[in-house]
Amino acid sequence: MIKDSTAPPFQLDTLSIKPSMIARILGLVTLFLIIASISGQVLKFVFGHDYVHGLVQLFYVDLEENIPTFYSVLLLLLAALLLALLAVLHARMPGRHALGWTVLSIGFIFMAYDEASSVHEKLIEPMRDLLGDRLAGPLYFAWVIPGILLVLLLGLFFLKFLRQLPSRSRRNFLVAAALYLGGAIGVEMAGGYYAELYGMKDLTYGMIATVEEGLEMTGLVVFLWALLDHLADNHPEIRLQIVKKAKNTPGTNPHPET
């Protein structure tokens, strides 16, 4: 048998991504982390096991540099990557504006950095110095004040962008935002109210913090599913082409005369 020298050495099968399957996998990981955080707090405050070979700290969602933090950063970066892809795709489509997708992508990169280093918490003391004793109860974690203002400004900025989205995508994005902000700001304010009265070192506060971070992670999972679903509806086939710079063939002039 004579082989066709022009045939490619191998054929790469198409890689299909199902948004629902990705969402289920991420949802199960999120559920596991929430249960692990709750279990660790119960072991610590009910049974008196503070460490359990470091597992309590490793899975508590309100601490930095542990598995839930790494997972949240990963979700945020995945969202930023998909948003950047949408920005590139829309930039090549006539009549479509990529600005909204681009701003969202940059915003999620900053959110990932903030999740890893807790930049927003550094605003608490300056806000308390500025506003003094008025920061009590739900405003005890004073960073929520500039956080709420930022959300309102971004909401106004993205109002037109949301209106231009397909109704299904718009609804999914809003649900994801409601879950994330409900945890990041809503439950955070409830946690601030409790922390001012009773402190942050008991089982109740641990449960509040777990609900907060759980809602944030759930919102991110829903947002990733919504982005993949939007891509499936509007860009069902995306091809990645790697182009190598063509070399000049012998006997040709790379700079022909004009």
Side-chain angles (χ1 to χ4, degrees), residues 14-37 58-59 61-92 98-120 147 150-151 154 158 161-162 165-166 168-185 210 212-242:
T14 301
L15 176 63
S16 298
I17 298 176
K18 295 182 179 180
S20 58
M21 181 179 296
I22 299 297
R24 278 195 290 268
I25 294 172
L26 294 177
L28 288 174
V29 175
T30 299
L31 180 61
F32 169 78
L33 292 177
I34 292 171
I35 292 174
S37 179
L58 189 64
F59 286 98
V61 294
D62 204 39
L63 294 180
E64 300 176 14
E65 299 181 358
N66 60 6
I67 291 177
T69 299
F70 173 79
Y71 177 67
S72 295
V73 170
L74 178 62
L75 292 179
L76 289 163
L77 290 177
L78 286 174
L81 179 62
L82 291 176
L83 289 164
L85 174 61
L86 282 163
V88 172
L89 292 172
H90 282 76
R92 297 183 176 185
L99 178 61
W101 300 109
T102 303
V103 173
L104 278 172
S105 180
I106 295 171
F108 269 78
I109 292 173
F110 175 79
M111 288 168 65
Y113 173 73
D114 177 69
E115 183 68 27
S117 56
S118 297
V119 175
H120 65 277
L150 179 61
V151 169
L154 289 175
F158 284 107
F161 172 79
L162 285 170
L165 290 174
R168 177 182 171 87
S169 298
R170 179 170 60 248
R171 181 182 66 252
N172 293 338
F173 290 174
L174 289 175
V175 169
L179 288 169
Y180 186 86
L181 295 174
I185 294 181
T210 300
E212 174 201 334
E213 296 293 335
L215 282 173
E216 289 183 24
M217 289 188 286
T218 302
L220 290 173
V221 171
V222 172
F223 187 59
L224 284 169
W225 168 77
L227 288 172
L228 290 171
D229 185 73
H230 180 82
L231 281 167
D233 285 342
N234 297 276
H235 309 279
E237 183 175 324
I238 300 173
R239 295 183 179 182
L240 174 64
Q241 183 179 14
I242 301 176

Residues in side-chain contact (heavy atoms from CB on, under 4.5 Å) with [X], at least two apart?
{"X": "Leu181", "value": "Val151, Ile185"}
{"X": "Leu150", "value": "Leu154"}
{"X": "Leu174", "value": "Leu162, Arg170"}
{"X": "Ala176", "value": "Val222, Phe223"}

Distance in Å, [X] [atom1] paired with [Y] [atom2], rounded so as to fall on 0.5 Å steps:
{"X": "Thr102", "Y": "Leu86", "atom1": "OG1", "atom2": "CG", "answer": "10.0 Å"}
{"X": "Leu78", "Y": "Leu82", "atom1": "CG", "atom2": "CG", "answer": "7.0 Å"}
{"X": "Leu224", "Y": "Leu76", "atom1": "CG", "atom2": "CG", "answer": "8.5 Å"}
{"X": "Glu65", "Y": "Leu58", "atom1": "CD", "atom2": "CG", "answer": "12.0 Å"}
{"X": "Met217", "Y": "Glu213", "atom1": "CE", "atom2": "CD", "answer": "6.5 Å"}
{"X": "Ile109", "Y": "Leu104", "atom1": "CD1", "atom2": "CG", "answer": "11.5 Å"}

* Asked: If you look only at pairs with a residue in residues 218-232, which of them pass as a salt bridge (charged side-chain N to carboxylate O under 4.0 Å, His left out), with sequence neighbours excluded?
  ->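 Counting only pairs at least two positions apart or across chains, the salt bridge (charged side-chain N to carboxylate O under 4.0 Å, His left out) contacts touching residues 218-232 are Arg168-Asp229.
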Residues in side-chain hydrogen bond (donor to acceptor under 3.5 Å, both in side chains) contact with [X], at least two apart in sequence or another chain:
{"X": "Ser20", "value": "none"}
{"X": "Thr69", "value": "Asn66"}
{"X": "Ser105", "value": "none"}
{"X": "Asp114", "value": "His120"}

Check: [Y] and [X] side chains under 4.5 Å, non-hydrogen atoms:
{"X": "Leu231", "Y": "Ile17", "value": "no"}
{"X": "Ile22", "Y": "Trp225", "value": "no"}
{"X": "Pro166", "Y": "Asn234", "value": "yes"}
{"X": "Leu26", "Y": "Tyr71", "value": "yes"}

* Under the side-chain contact (heavy atoms from CB on, under 4.5 Å) criterion, do Leu83 and Leu227 qualify, and how do the steps go? -> CA-CA 8 Å; Leu83 289 164; Leu227 288 172; 3.7 Å; yes
* Test side-chain contact (heavy atoms from CB on, under 4.5 Å) applied to Thr30 and Ile25, Val221, Leu220, the passing residue -> Val221
* Return the set of residues passing salt bridge (charged side-chain N to carboxylate O under 4.0 Å, His left out) with Arg171 (not counting sequence neighbours), or none when no residue passes. => none
* With Asp62 via salt bridge (charged side-chain N to carboxylate O under 4.0 Å, His left out) - residues at least two apart -> none
* Asked: Is a side-chain donor or acceptor of Ser72 paired with a backbone partner of Pro68 at a separation under 3.5 angstrom?
  -> yes
* To do: Write down the atom of Glu216, the atom of Tyr180, and the distance for their closest heavy-atom approach.
  =>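 Glu216 and Tyr180 have their closest heavy atoms at O-CD1, 3.3 Å.
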* **Contacts of type ring pair (Phe, Tyr, Trp, His ring centres under 6.0 Å), residue Trp101, not counting sequence neighbours** => His90, Phe161, His230
* Indicate whether any N or O donor in one side chain lies under 3.5 Å from an N or O acceptor in the other, for Ser118 and Glu64. =>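 Glu64 and Ser118 do have a side-chain donor-acceptor pair below 3.5 Å.
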